[in-house]
Asks: 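Can you read through this structure? Questions will come right after.
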Amino acid sequence: AQKITQTQPGMFVQEKEAVTLDCTYDTSDQSYGLFWYKQPSSGEMIFLIYQGSYDEQNATEGRYSLNFQKARKSANLVISASQLGDSAMYFCAMRGDFNAGGTSYGKLTFGQGTILTVHP
Amino acid sequence: KAGVTQTPRYLIKTRGQQVTLSCSPISGHRSVSWYQQTPGQGLQFLFEYFSETQRNKGNFPGRFSGRQFSNSRSEMNVSTLELGDSALYLCASRKTGVNTEAFFGQGTRLTVV
């Protein structure tokens, strides 16, 4: 079984500052993928960044970077230079052991989310 | 390139009725997954379809079912609606492959009264 924990129900950040959203995970799978999604009030889930469990370097996508610490089972999202449009709910998610032919396939397990509010 | 399209966007149904939600994936995506999102339970996996076959199912009662057509479009059906089925239902599609991200539609917001 997989579990994602996001311990910050809400976070506040000043515009143009950086913010870190925490995510820890638990799995017995040897290989897995970690994802971050953004959900604005409109409801659509927007993919932000992906980290594979065997990737040696932390993933980066523009202003988003993923601080991946495998031994600690954490995959924190760092948003640099926050913008007002970054205000949204952020979800950390995991997909299980696809390489071993496991039954996870495309299933994503999500955390409870963190509401980020960016102040001007 | 068109994104994932879900119809309808909003739906109000009465307890006991049934409902069908539709999802058109991104062209070329053969995997379609469905999720239920509620304030209390968060995002929960319903099922995944690939090449018209259900290959994974979440922990939901049999009232929840789905199917996928040969053009990869998918429908999910909920029979005998209960008040607790009120939720945002999200559909996601992705290409095959281990590192592929899922792209989500805007969801169908179902209200059961």
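Quick note on labels: first sequence line is chain A, next is B, and so on, each numbered from 1.
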Asks: Return yes when atom NZ of A/Lys70 has more than 12 non-hydrogen atoms of other residues, nucleotides or ligands closer than 6.0 Å, and no otherwise.
Replies: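 Check passes, neighbour count above 12.
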Asks: Just checking heavy atoms, which of residues 57-76 of chain B are less than 4.5 Å from chain A?
Replies: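 Contacts with chain A: none.
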Asks: Go through B/Arg109, B/Gln44, B/Gln106, B/Glu101 and name the one with the most non-hydrogen pairs under 4.5 angstrom from chain A.
Replies: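 Highest number of heavy-atom pairs under 4.5 Å: B/Glu101.
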Asks: Would a hydrophobic clustering, with Ile, Leu, Val, Met, Phe, Trp and Tyr connected at side-chain separations under 4.5 Å, put A/Val13 with A/Leu66?
Replies: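 Yes; tracing contacts between hydrophobic side chains, which count when under 4.5 Å, links both residues.
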Asks: Distance check, rounded to the nearest 0.5 Å: B/Phe104 atom CZ versus A/Phe47 atom CZ?
Replies: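 If we round to the nearest 0.5 Å, B/Phe104:CZ and A/Phe47:CZ are 11.0 Å apart.
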Asks: Check whether B/Arg55 reaches the backbone of A/Gly106 with its side chain - one donor and one acceptor, N or O, closer than 3.5 Å.
Replies: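 It does not hold such a pair.
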Asks: side-chain contact (heavy atoms from CB on, under 4.5 Å) between B/Val4 and A/Met45: does it pass, once the steps are laid out?
Replies: CA-CA 11 Å; B/Val4 178; A/Met45 299 282 282; over 6 Å; no
Asks: For residues A/Tyr50 and A/Phe91: do they belong to one hydrophobic cluster (side chain heavy atoms under 4.5 Å, members Ile, Leu, Val, Met, Phe, Trp, Tyr)?
Replies: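 A/Tyr50 and A/Phe91: one cluster.
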Asks: With a 6.0 Å cut-off (strictly less than), is the heavy-atom count around CZ of B/Arg9, excluding the residue itself, greater than 12?
Replies: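 Yes, CZ of B/Arg9 has more than 12 neighbouring heavy atoms, counting only those of other groups under 6.0 Å.
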Asks: Quick check: is A/Tyr64 connected to A/Met11 through a chain of hydrophobic side chains (ILVMFWY, heavy atoms under 4.5 Å apart)?
Replies: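 Yes, same cluster.
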Asks: May I ask you to check whether over 12 heavy atoms, not counting those of A/Ile46, lie within 6.0 Å of atom CD1?
Replies: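 Yes, because the 6.0 Å sphere around CD1 of A/Ile46 holds more than 12 heavy atoms from other groups.
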Asks: Are B/Phe45 and B/Tyr49 connected in the hydrophobic side-chain network, where two residues link if heavy atoms are under 4.5 Å apart?
Replies: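 B/Phe45 and B/Tyr49: separate clusters.
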Asks: Are B/Val78 and B/Val32 connected, step by step, through hydrophobic side chains (Ile, Leu, Val, Met, Phe, Trp, Tyr) whose heavy atoms are closer than 4.5 Å?
Replies: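 Yes, because B/Val78 and B/Val32 connect within a single hydrophobic cluster, where side-chain heavy atoms sit under 4.5 Å apart.
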Asks: Specify which of B/Ala102, B/Gly105, B/Ala92 makes the most heavy-atom pairs with chain A at under 4.5 Å.
Replies: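 Top option by heavy-atom pairs under 4.5 Å: B/Ala102.
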Asks: Tell me, with the steps shown, if B/Arg94 and A/Leu108 meet side-chain contact (heavy atoms from CB on, under 4.5 Å).
Replies: CA-CA 12 Å; B/Arg94 67 184 190 97; A/Leu108 287 168; over 6 Å; no
Asks: So which bits of residues 33-43 of chain B come within less than 4.5 Å of chain A, counting non-hydrogen atoms only?
Replies: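 Answer by number: B/Ser33, B/Tyr35, B/Gln37, B/Gly40, B/Gln41, B/Gly42, B/Leu43.
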